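Notes follow the structure.
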Amino acid sequence: MQGFSGKAAIAGVGMTALSRASGRTELQLAVEAARRAIDEAGQRPDAVLSYHLGDSAPVIHVARELRIELGWHNEIHGGGTQCASILGDAAMLIDAGLARTVLVYRALNGRSGRRMNTLSLKLGEGVEEQFTHPYGSAGPVQQFALAAQRYLHDTGLTEDDLRAVVRSSRAHAAANPRALRREMEDYRASPPVASPLRRADCCQETDGACALVITSADRAPAAPRIHAVVRGGGQGASAMDKAGDVTRIFSSHVAGPLYAAAGMTPADVDVALLYDAYSWLVPRQLEDFGLCTRADLAETLHNGLATVNPHGGLLSEGYVHGLNNVAEAVRQLRGDGVNQVPGAEVALCTGFGGSYGSAALLIRPATAT
């Protein structure tokens, strides 16, 4: 077991409305989400953590607006890979006695401001970019479409199976008032972006913010606990030319260590909040985390996703670099989630970044039953 296991609890969550044109600064978004999380937790933070790609509000500015007497604080470079592992950072601060209560937030104008689909891959400070751009690899969607094509070939999955992932996401989002997409469009009429991915296979581009307040378990005895967190990856990270298998994403590297650190098995997972930046990542993670065998993938995608991203995930609710998925995991364990999974006691949260990323297991404490 990890030293911090069970010692930190997520006492509050807060979100802004999700939109495609917020008309507000990242700082305003961050402060609104943070205030909501702080009010829900009923506790004032003395530490602040955030992650971003140069597209957010600095932690010291957020702390100033919130009038926080600031102690430990940090800004972590990175996107989706951080949404699960930042929980471990907060839990370690609390376990080490460096903080009593930690505010974690992610804020961005991901549609009206700096858009992910226009960010080039600055590998080696742009040196290696000259070798990828001529072949159309101008950003994340082109890169991971390459891996998706290979994964479909290896597994025998088809466009219909990707459509089933999108259909499930939209169906879940229909009950979610926060969701940007609630209705299933004509999948085959959705414009191709990079084969085999259509626009419908890609996550939303979103303006918004999400925040969590994490404190010691004794200060929030009924709140969901951070049980285990793992961060890691494989050869080449997201540089596919350095990876032996372009389809082998982070989940194949971190799943085993996560279960070992938690003292759990896949059978213990009640609800899975999977980082669904692209539809094909759902079956890949289901397989890697032992929630489904490769032989049963197609059947599961068409019939068995009731406990996967019940709020609609990044494909439909919105894209706050995965932290909104963590927020929904907390709600599910509290019993007030979207399409609430009955009796949910263990939630899996994941963070994707190619062949490296993170994953966390959150648990409902016995005091909450």
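Given the structure is predicted, the values throughout are model-derived calculations rather than measurements.
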Distance-only side-chain donor-acceptor flag, Ser190 / Arg198, under 3.5 Å
no

Just verifying a value: how many Å separate Leu258 CG and Phe289 CZ, rounded to the nearest 0.5 Å?
6.0 Å

Gap separating the CG atom of Leu348 from the CG atom of Leu273, nearest 0.5 angstrom:
8.0 Å

Salt-bridge present (Glu40, Arg36; N to O < 4.0 Å):
no

Can a donor-acceptor pair be found between the side chains of Glu328 and Gln332 at a distance below 3.5 Å?
yes

Does any donor atom in the side chain of Arg170 or Ser316 lie under 3.5 Å from an acceptor atom in the other side chain?
yes

Assess the side chains of Ser22 and Asn109: does a donor N or O sit below 3.5 Å from an acceptor N or O?
yes

Test Phe250 against every option in Leu281, Asp288, Thr350 by the side-chain contact (heavy atoms from CB on, under 4.5 Å) rule and name the one that passes.
Thr350

Side chains of Ser251 and Gln285, donor plus acceptor under 3.5 Å
no

Considering only NZ, NE, NH1 and NH2 on the basic side and carboxylate oxygens on the acidic side, decide whether Arg106 and Asp55 come within less than 4.0 Å.
yes

Determine whether the side chains of Asn309 and His172 contain a donor N or O and an acceptor N or O closer than 3.5 Å.
no

In this structure, is the centre-to-centre distance between the rings of Phe144 and Tyr151 below 6.0 Å?
no

So how far is it from Arg182 CZ to Ser169 OG, rounded to the nearest 0.5 Å?
12.5 Å

Where do His311 and Asn324 come nearest, in terms of heavy atoms and distance?
NE2-O, 4.2 Å

With a cut-off of 6.0 Å (strictly less than), are more than 12 heavy atoms of other residues, nucleotides or ligands near CZ of Arg199?
no

Would you tell me whether Asp207 and Ser112 have side-chain atoms, one donor and one acceptor, within less than 3.5 Å of each other?
yes

What I want to find out is whether Glu159 reaches Arg188 closely enough, with some N-O distance under 4.0 Å, to be called a salt bridge.
yes

Donor-acceptor side-chain pairing of Arg248 and Ser355 below 3.5 angstrom:
no

Would you compute the distance between atom CG of Leu333 and atom CD1 of Ile10 and round it to the nearest 0.5 angstrom?
8.5 Å

Dump the intermediate steps for side-chain contact (heavy atoms from CB on, under 4.5 Å) on His73 and Leu49, then the final yes or no.
CA-CA 6 Å; His73 56 285; Leu49 299 176; 6.0 Å; no

Rounded to the nearest 0.5 Å, the SG atom of Cys210 sits from the OH atom of Tyr105 at a distance of 13.0 Å

Judged by atom type as modelled, is there a donor-acceptor pair below 3.5 Å linking the side chain of Ser358 to the main-chain atoms of Val229?
no

Thr101 and Arg44: side chain donor to acceptor below 3.5 Å
no

Would you say the ring centers of His321 and Tyr319 fall short of 6.0 Å from each other?
yes

Taking Val308 as the starting point, is it possible to reach Tyr259 by hopping between hydrophobic residues whose side chains are less than 4.5 Å apart?
yes

Pair Arg331 + Asp336, salt bridge at N-O below 4.0 Å
no

Ignoring hydrogens and angles, tell me if any N or O in the side chain of Thr300 forms a donor-acceptor pair with the backbone of Asp296 under 3.5 Å.
yes

For Asp160 and Thr158, test the side chains for any donor-to-acceptor distance below 3.5 angstrom and give the result as yes or no.
no

